[in-house]
Amino acid sequence: MTGLEPFGARLRRAMDERGPLCVGIDPHASLLAEWGLSDDVTGLERFSRTVVEAVADRVAVLKPQSAFFERFGSRGVAVLETTVREAREAGALVVMDAKRGDIGSTMAAYAESFLREDAPLFSDALTVSPYLGYGSLGPAVALARETGTGLFVLALTSNPEGGEVQHAIRADGRTVGATVLGHLAAENAGEEPLGSFGAVVGATLGDLSSYDLDMGGPILAPGIGAQGATAADLPAVFGGAVRNVVPNVSRGVLRHGPDAVALRDAAERFAEEIRAAVASV
């Protein structure tokens, strides 16, 4: 049993102290090239360490995208292990962006890979997919409660293909996305100051007033920066739930590398813009 506070409480404190910003660590080939790095494990390691050293001591959340590490096999996963460990040691919370989803013992194994305290890739939270049925996430929910970690569940994603599933209307008249949000509200019931079971909701989606986003947990919101959304858009998109939004910025920060000072300045600028937008509500 871990001694960690629940993820939601730790995230609320980090957002209040450091600003509501998540910086993605997405070392795809084109970005490595922009940094003048080789598309191999050496370049991967240099890229990841630079990001961690530049911003992990000042941003609330870092979100490594596991696929960009996994493509290099076991050596890439070893770099990911180091990245996660060093980011957490520097004070950032780590959300592993792996979007895992399965059933039964397989879902349990995925959860143990990232949410068990002695796991090499132990992270503060994990992104998961509910589209084998929300109940299929049960093993991950149970382990997260046990270890003080959290989940971010895909609910209303920013990719245009997502709508054919997430906006589909069920027999009870609710959309699939609304159903996912309803399950999360139940998971977070009674949790203060913030529940540990969050949703992934795109910041580029525009008016979401038909959805109840105030489900007691955090909202991981990709789309700020290169995808077109701005900090100023957040209140209109998320309404009263905006205080619980953790906007994710990846390329908007990472394009300023490999200079560590430029990376740090970009992250601080985004954090301040987001903080101001949230305070305006």
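For this chain, numbers begin at 1 and follow the sequence in order.
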| Salt bridge between Glu45 and Arg49, side-chain N to carboxylate O under 4.0 Å? | yes

| said: Any side-chain to backbone donor/acceptor pair from Asn248 onto Ile224? Under 3.5 Å, distance only. | reply: no

| said: Any carboxylate oxygen within less than 4.0 angstrom of a Lys/Arg side-chain nitrogen, looking at Arg145 and Glu187? | reply: yes

| field | Minimal non-hydrogen separation, Phe69 against Gln65, with atom names | value | CD1-O, 3.3 Å

| query | From Leu143 CG over to Phe114 CZ, what is the distance, rounded to the nearest 0.5 angstrom? | reply | 12.0 Å

| Quick one: salt bridge (charged side-chain N to carboxylate O under 4.0 Å, His left out) pairs with a partner in residues 245-262, sequence neighbours left out? | Glu34-Arg251

Let me check something: any side-chain donor-acceptor pairs from residues 5-26 under 3.5 Å, sequence neighbours excluded? List them with distances.
residue : atom : partner : partner atom : Å
Glu5    : OE1  : Arg13   : NH1          : 3.1
Glu5    : OE1  : Arg13   : NH2          : 2.5
Arg10   : NE   : Glu5    : O            : 2.9
Arg10   : NH1  : Asp124  : OD1          : 2.6
Arg10   : NH2  : Gly148  : O            : 2.8
Arg12   : NE   : Asp16   : OD1          : 3.4
Arg12   : NH1  : Arg243  : O            : 3.4
Arg12   : NH1  : Asn244  : OD1          : 2.9
Arg12   : NH2  : Asp16   : OD1          : 3.3
Arg12   : NH2  : Arg243  : O            : 3.2
Arg18   : NH1  : Ala56   : O            : 2.9
Arg18   : NH1  : Val59   : O            : 2.8
Arg18   : NH2  : Asp57   : O            : 3.4
Asp26   : OD2  : Ser250  : OG           : 3.1

| request: Report the residue from Thr127, Val128, Ile219 that forms a side chain to side chain contact (heavy atoms under 4.5 Å, CB included) with Phe152. | output: Thr127

| task | Using a 4.5 Å cut-off on heavy atoms from C-beta on, say whether the side chain of Pro139 contacts that of Tyr110. | result | no

| task | Grab the two heavy atoms, one from Gly195 and one from Pro218, that are nearest each other, plus how far apart they are. | result | O-CD, 3.2 Å

| said: If you count every heavy atom of other residues, nucleotides or ligands that lies below 6.0 Å from Leu132 atom CG, does the total exceed 12? | reply: yes

| task | Take Glu86 and Thr82, measure what side-chain contact (heavy atoms from CB on, under 4.5 Å) needs, and give me the verdict at the end. | result | CA-CA 6 Å; Glu86 292 181 349; Thr82 300; 3.5 Å; yes

| field | Closest non-hydrogen atom pair, Ser280 against Pro235 | value | OG-CG, 4.2 Å

| task | Name all residues meeting the salt bridge (charged side-chain N to carboxylate O under 4.0 Å, His left out) criterion together with Glu191; count only those two or more places apart in sequence or in a different chain, and write none if there are none. | result | none

| query | With Phe270, which residues qualify under ring-ring contact (aromatic ring centres under 6.0 Å, His included), at least two apart? | reply | none

| said: Donor-acceptor pair, distance only, cut-off 3.5 Å: does the side chain of Arg170 make one with the backbone of Val176? | reply: no

| Under 3.5 Å, is there a donor-acceptor pair between the Ser66 and Glu70 side chains? | yes

| hydrophobic_cluster_shared for Met107 and Tyr134, side chain cutoff 4.5 Å | yes

| field | Residues in salt bridge (charged side-chain N to carboxylate O under 4.0 Å, His left out) contact with Arg46, at least two apart in sequence or another chain | value | none

Kindly list each side-chain donor-acceptor pair under 3.5 angstrom involving residues 197-214, sequence neighbours excluded, with atom names and distances?
residue : atom : partner : partner atom : Å
Asp207  : OD1  : Ser209  : N            : 2.9
Asp207  : OD1  : Ser209  : OG           : 2.8
Asp207  : OD2  : Ser209  : OG           : 3.3
Tyr211  : OH   : His167  : ND1          : 2.9
Tyr211  : OH   : Thr175  : OG1          : 3.3
Asp212  : OD1  : Asp214  : N            : 3.2

| said: Could you check whether any side-chain N or O of Ser123 sits under 3.5 Å from a backbone N or O of Leu121, counting only pairs where one atom can act as donor and the other as acceptor? | reply: yes

| said: Are the side chains of Arg75 and Phe72 in contact, using a 4.5 Å heavy-atom criterion? | reply: no

| task | Answer yes or no: is there a donor N or O on one side and an acceptor on the other, between the side chain of Gln166 and the main chain of Thr157, under 3.5 Å? | result | yes

| request: Determine yes or no for a side-chain-to-main-chain donor-acceptor pair under 3.5 angstrom, with Tyr131 supplying the side chain and Leu154 the backbone. | output: yes

| Do you know which two heavy atoms are closest between Ala221 and Val245, and how far apart they sit? | CB-CG1, 3.7 Å

| field | Beyond-backbone contact of Arg116 with Thr147, side-chain heavy atoms, under 4.5 angstrom | value | no

| remark: Interatomic distance, CD@Glu112 vs CG@Asp118, rounded to 0.5 Å, equals 9.5 Å

| query | Is a donor on one side and an acceptor on the other found under 3.5 Å between the side chain of Trp35 and the backbone of Leu254? | reply | yes

| Does the Ser129 side chain pair with the main chain of Arg100, one donor and one acceptor, at a distance under 3.5 Å? | no

| request: Give a yes or no on this: more than 12 heavy atoms of other residues, nucleotides or ligands lie within 6.0 Å of atom CZ of Arg174. | output: yes

| said: Between Pro130 and Ser136, is there a side-chain heavy-atom distance shorter than 4.5 Å? | reply: no

| query | Does the Asn188 side chain pair with the main chain of Ala185, one donor and one acceptor, at a distance under 3.5 Å? | reply | no

| Any side-chain heavy-atom pair of Leu126 and Thr149 under 4.5 Å | no

| request: Determine whether Leu151 and Val141 make a side-chain contact, defined as any pair of heavy atoms from C-beta on separated by less than 4.5 Å. | output: yes

| Common cluster, Val95/Phe122, ILVMFWY with side-chain heavy-atom separation under 4.5 Å | no

| message | Tell me the closest heavy-atom pair linking Leu263 and Gly257, and the distance in Å. | response | CD2-N, 3.6 Å

| request: Could you state whether Val281 and Phe238 fall into the same hydrophobic cluster, counting links through intermediate Ile, Leu, Val, Met, Phe, Trp or Tyr residues with side-chain heavy atoms under 4.5 angstrom apart? | output: yes

| query | Yes or no on side-chain contact (heavy atoms from CB on, under 4.5 Å) for Val153 and Leu184, after CA distance, side-chain angles and deciding distance? | reply | CA-CA 8 Å; Val153 183; Leu184 292 170; 3.8 Å; yes

| request: Carefully, step by step, assess Glu146 and Leu115 under the rule side-chain contact (heavy atoms from CB on, under 4.5 Å). | output: CA-CA 9 Å; Glu146 178 185 332; Leu115 303 180; over 6 Å; no

| request: May I ask you to decide if Ser38's main-chain N or O and Thr42's side chain share a donor-acceptor pair within less than 3.5 Å? | output: no

| field | Criterion side-chain contact (heavy atoms from CB on, under 4.5 Å) on Thr230 and Glu273, from CA distance to verdict | value | CA-CA 9 Å; Thr230 68; Glu273 289 174 359; over 6 Å; no

| request: With rounding to the nearest 0.5 Å, note down the distance linking CG in Leu37 to CG in Leu44. | output: 9.5 Å

| request: For residues Ala29 and Arg71, report the shortest heavy-atom separation together with the two atoms involved. | output: N-NH2, 3.6 Å

